[in-house]
Amino acid sequence: MTSLAVGSLVWVEDPDIAWIDGEVVQVNGEDIKVLCTSGKTVVVKATNLYPKDAEAPPCGVDDMTKLAYLHEPGVLQNLRSRYDMNEIYTYTGNILIAVNPFRKLPHLYDSHMMAQYKGAAFGELSPHPFAVADAAYRLMINEGISQSILVSGESGAGKTESTKLLMQYLAYMGGRAAAEGRTVEQQVLEDIQRYKLGNPRTFHYLNQSNCYELDGIDDSKEYTATRRAMDVVGISPEEQDAIFCVVAAILHLGNIEFAKGKEIDSSVPKDEKSWFHLRTAAELLMIVDKINSSIGQDPDSKFLIGVLDIYGFESFKTNSFEQFCINLTNEKLQQHFNQHVFKMEQEEYTKEEINWSYIEFVDNQDVLDLIEKKPGGIIALLDEACMFPRSTHETFAQKLYQMFKNHKRFSKPKLSRSDFTICHYAGDVTYQTQLFLDKNKDYVVAEHQALLTASKCSFVSGLFPPLAQESSKSSKFSSIGSRFKQQLQALLETLSSTEPHYIRCVKPNNLLKPSIFENKNVLQQLQCGGVMEAIRISCAGYPTKKPFVEFVDRFGLLAPEIGKTKVFLRAGQMAELDTRRSEVLGRSASVIQRKIRSYLARRSFIMLRRSALRIQSVCRGQLARNVYNGMRREAASLRIQRHLRMHLARKAYKELCSSAVSIQTVMRGMAARNELCIRRQTRASIIVQSQCRKFLAQLHYMKLKKAAIATQCAWRGRVARKELRMLKMAARETGALQAAKNKLEKQVEELTWRLQLEKRMRVDMEEAKTKENAKLQSALQDMQLQFKETKELLAKEREAARRAAEVVPVIQEVPVVDNVMLEKLTSENEKLKVGKLNLAMVSSLEKKIGETEEKFEETNKISEERLKQALEAESKIVQLKTVMHRLEEKILDMESENQVLRQQTLLSTPVKKISEHLQIPVTPNLENGHHIDEANKSNEPQSVTPVKKVGIESNGKLQKSNLERQHENVDALINCVTKDIGFSHGKPVAALTIYKCLLHWKSFEAERTNVFDRLIQMIGTAIENEEDNGHMAYWLSNASALLFLLQKTLKASGANGATPSRKPPTPTSLFGRMTMSFRSSPSSNNLAAAAALTVVRKVEGKYPALLFKQQLAAYVEKIYGIIRDNLKKEISSLLSLCIQAPRTSKGNVLRSGRSFGKDSPSTHWQGIIDSLNTLLSTLKENFVPQVLIQKIFTQTFSYINVQLFNSLLLRRECCTFSNGEYVKAGLAELELWSCQVKEEYAGSSWDELKHIRQAVGFLVIHQKYRISYDDITNDLCPLDRKLAGVPVRRRALNWFTWEPILSVQQLYRICTLYWDDNYNTRSVSADVISSMRVLMTEDSNDAVSSSFLLDDNSSIPFSVDDLSKSLQEKEFSEVKPADELLQNPAFEFLLE
């Protein structure tokens, strides 16, 4: 502490709560008098005080390297502040500190949260284990470096939960998913019965703590979650059963009680209950089905992510060999941790070009040498003591005292003869050596080892592998401590080859209850976890690392800019700067007070002077008003007299004028009535004459009509009889073709049957081949295994022979014959002979393997040949089907030509002569006096032509088949509509052209046609360029319009017609058509208008047409989704800039007014508006239906709402007052845009921003600490209140709110993350936070309500019915078809 002033805020050490804050009230040299917040006053030395940051946010910081004062009380206070708000994770650089909340927080660990952290930069979002796991995963993928995550902490700190979260996220990134199975109750009950378990109170290993249940923890759900987690990480169900069998067997072994046996050193199970547990344990360990697979890492993987879950530093009242090993591990890991922290500090200093060469950090290598150094370490001395049978723990302790009496890390307790104390990095630990020797010599009994190794369960046998036999008695003693040290060294070598990440778990209290934070307990764990050591390393250099912008913003009034991008301060320099800053602020406050007092005095004088002038003006005004009132009275009396005289004269004149007008009106009416009577009589006589003449003319016409009808009926009967004879002749010719067709169909059926038979044979052959291959493969594997074993045996035999050969000369030199050695040599010779036999066996096995491979190759060749034969047969069948299809088309063409000939026969010359004889006019629109409308034309064949063109065109139509003409017409249509042929009267020309062609060609009623397939292929090819919104909008307009027309046209097979009354069938006889033509004779103008309105006509659609409609609907949805996603992609980058803008703007514009940036943050919002306007103009130009435009912008605004709202809830730097004002301004721009484009295009887009509007409404409220919980729940979400008379604070609320939207979890998250970066105002009070926390606790079991993040909805928000309701049929009546097709004679029907 360099300097302190009165009023400075400091931290004072407290025996009860570790540290307490207070204010300096008196400074007397090195003695500082401090008034604590608890009310007591203490006097302490200046060196025992730590400064407190008065501007620290009340909710703490997410990274403790951002603290202005990085010291012990600052770290403790920051953790406590965040813990009180359920922010249990905090960074210290790249180290994650996790404080156990002792409650469920499911909203922090669901799939939405994992999706948010996926790919996010480390430190960008709130601290979380997912961020650590994602950083490790990204480093492994991008840089190809193996990663390790070390999770440490004492029992109950949450290490296992943190490890499970890491594994959950890594499994999520790896794409592994767990399969759902039985219900929770079924699975738990079945497993309990299988493992013969029951109440945990009945098992000795579980009833020692008397704690069987925890509030809020469902053991059955935890069990199924563990099972599901095993599925995720790749542990098979068989392996899971083996693991739980071992655990259950251990529980049963703990319940076995023994009694003294018959022999002296023997024992037997005490009672039947013990026998039951013994038999059950044996059954679980031995009688288990064989497991073929094993748990482990993928052997082919190049890189890995290791997760290490280890106990933290332990120091109890009694510390034995177990604590000694655990603390050794922590010492090793602490050294690794210190080196990593120091390396990170060096990288930070190098990046900022700071000299760091003189910075020292304390290494704990001396403690490690004390424990594990050879030959003078504690472990080496312990192994030496274990090798002597007379050694005891006391002799071992005396040896330690003699060896390390001068070691600074080793000491002997005063009142103990066998204990010793080691000064670890986390504190002194006293170890009791009573059981050190026994535990170091602990080993598995050979019989037990053999029993468990022979288990039928591969998992159990794998836990107890057979130990290598010692070759001689001179082998070194292998102790538990030595093996532990070797394993620890291997672990550290693995960690050294990886990039480490650290998670330190902290238990806030020993009661294991939520909302309790014990400072001393947490502080001790931070020291044991090495966090305080990392802070000490940081304090050895430059603990305060302020970015340049923040430093100038805070201390700009003291000094100019220094540094590159950050300012590095030594310990104590921050307090010195704060003291000088307080002095400058004090002087500035005096100047401000002086100026304000001067301003108040001047304002008082000006008010008095203004009042005197106002009184004088009022008196003078009153005198002037009195004189003015007298003048007004005199002028008023004169005006009243003048108006009274004028009124009397006008009244007399009006009475005289009214009498004269009445007399004139009566006379003129009498003359008009006489004239009207004469005109009525004349008109009645004319009407009587016209009706009489009309009756005579109509009588003559009816007689003439009856004569004509009789004549026509006689002639048409004669013609029909002649046509009947011709039809009978044509039927005989058609019968021959039908017989040929039937014959071809039989051939096709026979070939189809043969193909199916070939397929069945091929399938059977494939199955047989697969089985044979499997047998060969298994045989090959068995042979290879035998070959491998034989080779290994042969190698062993050769090695034994070599050793025997080496030993033989030594034996020959001995003068005395050794019979034992002679027998040994004889057995070795016999083994060599067996080895030769093994060589012969190996050669025979190699021959068998070669023969098996040859058989396998021959089988493959045969299967390939049969496959080729099946494919050739299938191609022949396809060719025959094609030939049959062509023959059917030719038959249809011949039938259509016959129909044409029959039409020509009916419309021959005699009909024309009769019509000329009867003098009936024939117009282009009439046929035998009957008008041909659109409906009747569609029912007639396509080749029907007027009478006068039959003779000219008949030869040409016979030369060319209808099928070829149809193909040419389809090609012409597709070539035309593929181009951009524009719009007519606001509707797409291509859509209506396609619809009219399909309707005229009767494609909707066809059972088989390829027109629809070609149209779908054409649309799919046209929309391949998904980035061109203009092109996509054009096809969206055409596809939606065509889909609308199909929806109105097609009806399912067997459905009722659209019209209520059915039209009568068209008469086929000459007399019937003549009768209808005479009965219905509307004017040609009315018929033309009716044809123009009836664009859409109901047709019974067949399967191809209905399938085409479904495919077209799918394309409409696809094109809609492409345009929507293109807009989202375009504005996503701008949205990210909008989220980052407040932070960058604070770096560009300081309080002094100097600007370092060129672009204003508002340009990002303007960019979003420009993107919306560009797309809207594109959609308007292509006449996309309004319902689709509304849905596009509605989903886009929903996307904006999700991105902005989730950013507020995940990034604390975004949840600020300035960011709220910034986003509010941007939302105002979006609201203005919605109002300008109106509801016909914007739809309900503005309502989609409801979450971000309410959240921003809270951020911009002033004096949040005065708001109660009722104000938030009622005023923050009112029902459209008016703003008249509402205070300013509530107007900010109501501007963004109409109905309750935000959940309690979301409100709690915003309230706890909020901080004021401009005025440093407080958030809501602690009572409000407590009320929200209570509600959250009540709803904690509801996973849906616990999730506070929003999801982006990417579904299709409209249906075909919605599209049909938005359009009308009459809108297509005036659309003109494509000009290119009108020039083609085959498309003349488009003009009708």
Side-chain angles (χ1 to χ4, degrees), residues 115-117 119-121 123-126 549 1124-1149 1155-1176 1192-1237 1242 1245-1260 1292 1295-1296 1302 1306 1309-1310 1313-1318 1348-1352:
Q116 292 294 328
Y117 279 89
E124 180 181 356
L125 302 178
S126 300
V549 175
R1124 177 200 61 197
D1125 294 341
N1126 286 343
L1127 179 59
K1128 287 183 179 181
K1129 190 185 302 180
E1130 183 178 354
I1131 67 174
S1132 62
S1133 58
L1134 296 173
L1135 279 177
S1136 62
L1137 292 176
C1138 290
I1139 295 168
Q1140 302 288 337
R1143 288 186 286 175
T1144 57
S1145 63
K1146 186 176 180 181
N1148 294 335
V1149 182
S1155 176
F1156 294 97
K1158 296 181 180 179
D1159 299 332
S1160 174
S1162 60
T1163 57
H1164 308 321
W1165 291 104
Q1166 188 59 42
I1168 295 176
I1169 299 297
D1170 294 341
S1171 299
L1172 296 176
N1173 287 329
T1174 301
L1175 181 62
L1176 179 60
I1192 288 175
F1193 289 119
T1194 299
Q1195 287 196 311
T1196 303
F1197 272 60
S1198 176
Y1199 173 75
I1200 295 173
N1201 177 67
V1202 170
Q1203 295 298 317
L1204 293 178
F1205 186 76
N1206 288 348
S1207 299
L1208 287 184
L1209 268 61
L1210 290 176
R1211 293 180 172 89
R1212 185 172 180 272
E1213 62 272 10
C1214 296
C1215 200
T1216 61
F1217 181 84
S1218 60
N1219 188 50
E1221 291 181 332
Y1222 173 73
V1223 177
K1224 178 180 177 181
L1227 294 178
E1229 295 289 337
L1230 294 178
E1231 183 187 21
L1232 180 62
W1233 181 85
S1234 301
C1235 296
Q1236 289 175 350
V1237 301
S1245 300
W1246 176 244
D1247 296 336
E1248 296 296 329
L1249 301 176
K1250 49 194 174 183
H1251 290 87
I1252 187 62
R1253 282 157 48 196
Q1254 289 190 0
V1256 170
F1258 173 79
L1259 294 181
V1260 298
W1295 187 80
F1296 280 97
L1302 301 183
Q1306 293 167 344
R1309 183 79 176 178
I1310 295 173
L1313 289 182
Y1314 170 79
W1315 62 290
D1316 192 348
D1317 53 341
N1318 287 342
F1348 54 80
L1349 297 180
L1350 301 179
D1351 291 331
D1352 182 27

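Only a predicted model underlies this, so the values are computations on that prediction, with no experimental measurement involved.
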Exercise. Looking at NE2 of H1251 and CZ of F1205, how far apart are the two atoms once the value is rounded to the nearest 0.5 Å?
Worked result: 6.0 Å

Exercise. Could you state the interatomic distance from CG (N1201) to OG (S1245), rounded to the nearest 0.5 Å?
Worked result: 12.0 Å

Exercise. Do the side-chain N and O atoms of E1130 and N1126 include a donor-acceptor pair separated by under 3.5 angstrom?
Worked result: no

For this session: Go through L1227 and I1252 one step at a time and tell me if the side-chain contact (heavy atoms from CB on, under 4.5 Å) criterion holds.
Result: CA-CA 9 Å; L1227 294 178; I1252 187 62; 4.2 Å; yes

Exercise. Any side-chain heavy atom of L1135 sitting closer than 4.5 Å to one from I1200?
Worked result: yes

Seminar exercise, completed: In terms of heavy-atom contacts, T1194 and A1242 come closest through OG1-O, 3.9 Å

Seminar exercise, completed: Between the OH atom in Y117 and the CD atom in E124, the distance rounded to the nearest 0.5 Å is 10.0 Å

Exercise. Can you tell me how far OG of S1234 sits from CG of L1232, rounded to the nearest 0.5 angstrom?
Worked result: 8.5 Å

For this session: Taking the side chain as every heavy atom from C-beta outward, state whether L1313 and L1208 have any atom pair closer than 4.5 Å.
Result: no

Exercise. Where is the tightest heavy-atom contact between L1210 and S126, given as atom of each residue plus distance?
Worked result: O-OG, 3.0 Å

For this session: Would you check if S1171 and L1127 make a side-chain contact, meaning some heavy-atom pair closer than 4.5 Å?
Result: yes

Problem set entry | Closest non-hydrogen atom pair between L1209 and Q1306, with its separation | CD2-CG, 4.1 Å

Exercise. Is a side-chain donor or acceptor of R1124 paired with a backbone partner of I1192 at a separation under 3.5 angstrom?
Worked result: no

Problem set entry | Side-chain H-bond candidate by donor/acceptor type, T1216 with R1211, under 3.5 Å | no

Problem set entry | 4.5 Å side-chain heavy-atom contact, F1197 and L1172 | yes

For this session: Would you mind reporting whether F1217 and E1221 have side-chain heavy atoms less than 4.5 Å apart?
Result: yes

Exercise. Between Y1314 and N1219, is a side-chain contact (heavy atoms from CB on, under 4.5 Å) present by the stated rule, with each step listed?
Worked result: CA-CA 10 Å; Y1314 170 79; N1219 188 50; over 6 Å; no

Problem set entry | pair Y1222-H1164: side-chain heavy atoms closer than 4.5 Å | yes

Exercise. Quick check, are the ring centers of F1193 and W1246 under 6.0 angstrom apart?
Worked result: no

Seminar exercise, completed: For I1168 and L1230 the tightest heavy-atom approach is CG2-CD2, 4.3 Å

For this session: Answer yes or no: is there a side-chain heavy-atom contact under 4.5 Å between I1310 and C1215?
Result: yes

Problem set entry | W1233 and L1176, any side-chain heavy atoms less than 4.5 Å apart | yes

Seminar exercise, completed: Closest non-hydrogen contact found for G1220 with V1256 is O-CG1, 3.2 Å

Exercise. To the nearest 0.5 Å, what is the distance between SG (C1138) and CD (Q1203)?
Worked result: 11.5 Å

Seminar exercise, completed: d(L1137 CG, W1165 CH2) to nearest 0.5 Å is 11.5 Å

Exercise. Closest heavy-atom contact between K1128 and Q1195?
Worked result: CE-O, 4.0 Å

Exercise. Looking only at atom types and distance, does a side-chain atom of N1206 sit under 3.5 Å from a main-chain N or O of L1350, one as donor and one as acceptor?
Worked result: yes

